[in-house]
Engineer: 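This is the structure, below, for whatever I ask next.
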Amino acid sequence: METNTQRLLHTFAALADLGQEIADTGDFEEMLRASFHLLLGSLAIRRGAVGEYDRERGELRLIAARGLGESPELVLPLASERARHLASLGSSLTLDEARSEAGNFLEDHKDAFASVEIDLLVPLVVRERLIGAVLLGEKATGEKFTEEDLQIVGALARHIGVGIHSHRLLEEVEHKAEENRRLYEGLRAIYKETVHAFAAAIDIKDRYTQGHSVRVGKYSEIIARELGWSDDAVEGIAIAGYLHDIGKLIVDLNVINSPERFNAKESKEMSRHPAAGYEILAPISHPYADIPLMARYHHERLDGNGYPDGLKGDEIPPGAKIVTLADSFDAMTTDRPYRKRLALVDVLADFRANTGTQFEPAVVCAFCRAFLKEIEGTSKEKRLMKLLGKNYEDVESVSPLLTQLISDLDGGAMAATASSH
Ligand SMILES: [Fe+2]
């Protein structure tokens, strides 16, 4: 009896360790086989099997087997009434019940177990549901099973049952999480495609500013990245750039495509577009915050002389300040019907003249740094230079100007100008 107790204690300790490993996602079936062999070993049983019940298919799939002859079939049908009956018996059934269920099982699967003796069947049950079953042959000693033996088997079987159950639950949760992730990715892709379609629609309406929205999105992205924004925030600002002029969709087509500078009436009509853009974008729940506000405020100025709300300084959201600069840069570097694009020297002079009044110094500084890095070849991609295209071949020549502007901005000389307003 003493050795029996020791053996049992040993078995339970080993099973406790296995329980831990079963819960891990490692080689689950290998762990299961190990715990099953432990069960056989604890009572010196020669042969047996452990099977997992698949409720949907009505099958018992043998996961581990020992001494069951050449080719015990791995998957055996198990009728749902039989499964319900086994679940009602639970893992603490009587010896008679375990014997008679073994008999029923052999009867049902005569072909698979023609020459194999199975003495006991112990169901694996968790929360009143059948998880699987343990099939056991005779003991090596030839002794009969006792009620006490069955209690031990029942305890180990419950352990294995819980192991299988929690592993499958974990798998299911992971599967669901993966499914959700894919759904989310899908939605994100649809959102982005929609945004691009809108950007294209805006740009088609305005035939003089072809590709403007997409370029503003890209310039905004470059600036935000230089400012150290997170990946998500950078993605958000790019979208804000693509959509910033969406309000132009409601502006009179003739005004937008007027070949001359706007008169007062046309200017008024045109200046409706930031607020209109906000109205269009606000009802949509965007995956990134503040996209409608960036559209609304991309014509605001630090000095409060912008529109539509005349916000000042830090009342303007940081994203809108970025889009403002990106928008102006693209406007100055592309031809308009009433004027040619500006030379880079003049663009930078405009930046210098308007930083602190129209543009945020930190944003101008970030733009210049990103530009300079491309010219000096310290950034991997030349995105800015690619966007400027063939129209600007003398890009390298502005590097001293950029350096000077950065140093003036860093020194705070221009921030002082901003605060004096
Ligand atoms: Fe605009």
Side-chain angles (χ1 to χ4, degrees), residues 195-224 236-282 284 286 290-311 315-339 341-342 347 350-351 354 357-360 363-364 367 387:
V195 164
H196 279 106
F198 267 115
I202 302 160
D203 291 347
I204 281 169
K205 190 168 179 189
D206 187 343
R207 67 185 151 107
Y208 294 122
T209 57
Q210 290 274 308
H212 170 69
S213 299
V214 172
R215 286 193 302 271
V216 170
K218 290 182 173 165
Y219 288 133
S220 300
E221 198 183 323
I222 293 167
I223 298 169
I237 191 88
I239 287 170
Y242 294 153
L243 296 177
H244 77 286
D245 269 347
I246 197 168
K248 281 190 182 167
L249 291 176
I250 62 120
V251 172
D252 188 343
L253 199 61
N254 295 322
V255 172
I256 291 180
N257 288 318
S258 160
E260 284 146 35
R261 278 184 199 275
F262 299 139
N263 61 34
K265 193 170 162 249
E266 286 168 336
S267 271
K268 195 167 173 246
E269 168 70 12
M270 194 62 170
S271 65
R272 289 168 62 210
H273 81 273
Y278 175 80
E279 297 304 325
I280 294 171
L281 295 172
I284 303 168
H286 300 270
D290 289 349
I291 286 175
L293 286 180
M294 295 189 215
R296 184 178 183 97
Y297 296 136
H298 77 275
H299 286 291
E300 295 289 355
R301 299 166 51 98
L302 286 190
D303 60 11
N305 291 328
Y307 62 92
D309 295 338
L311 299 184
E315 290 168 350
I316 307 166
K321 292 174 177 171
I322 294 176
V323 176
T324 301
L325 189 76
D327 188 20
S328 303
F329 182 75
D330 188 62
M332 288 190 266
T333 50
T334 45
D335 291 340
R336 295 293 150 108
Y338 44 84
R339 63 142 175 78
R341 60 180 178 273
L342 270 57
V347 174
D350 182 279
F351 277 7
N354 293 304
T357 49
Q358 183 183 2
F359 306 127
E360 172 71 40
V363 173
V364 177
F367 180 88
L387 287 165

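A quick note: this is a predicted structure, and the numbers were derived from the prediction, not measured. Just so you know, ligand 1 is whichever comes first in the structure, and atom 1 is the first atom listed for that ligand.
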Engineer: Is the Fe ion (ligand 1) under 2.8 Å from any N, O or S atom of Asp327?
Structural biologist: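 Within the cut-off used here (under 2.8 Å), Asp327 places no N, O or S atom near the Fe ion (ligand 1).
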
Engineer: If you round to the nearest 0.5 Å, how far is NE2 of His299 from CD1 of Ile316?
Structural biologist: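 With rounding to 0.5 Å, CD1 (Ile316) is 12.5 Å from NE2 (His299).
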
Engineer: What distance separates Leu311 CG from Arg301 CZ, expressed to the nearest 0.5 Å?
Structural biologist: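 Separation between the atoms: 13.5 Å.
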
Engineer: Hydrogens and angles aside, do Ser213 and Asp245 bring a side-chain donor and acceptor to less than 3.5 Å of each other?
Structural biologist: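 No, Asp245 and Ser213 have no side-chain donor paired with an acceptor closer than 3.5 Å.
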
Engineer: Taking both backbone and side chain into account, is any N, O or S atom of His244 nearer than 2.8 Å to the Fe ion (ligand 1)?
Structural biologist: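 No N, O or S atom of His244 is closer than 2.8 Å to the Fe ion (ligand 1), so no.
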
Engineer: Please give the atom name: the N, O or S atom of Asp245 nearest to the Fe ion (ligand 1).
Structural biologist: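 Asp245's closest N, O or S atom to the Fe ion (ligand 1) is named OD1.
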
Engineer: Give a yes or no answer on whether the side chain of Asp327 reaches the backbone of Val323 with a donor-acceptor pair at less than 3.5 Å.
Structural biologist: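 Such a contact is absent between Asp327 side chain and Val323 backbone.
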
Engineer: If you round to 10 degrees, what value do you get for the angle at the Fe ion (ligand 1) between His298 atom NE2 and His273 atom NE2?
Structural biologist: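 Vertex at the Fe ion (ligand 1): approximately 100°.
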
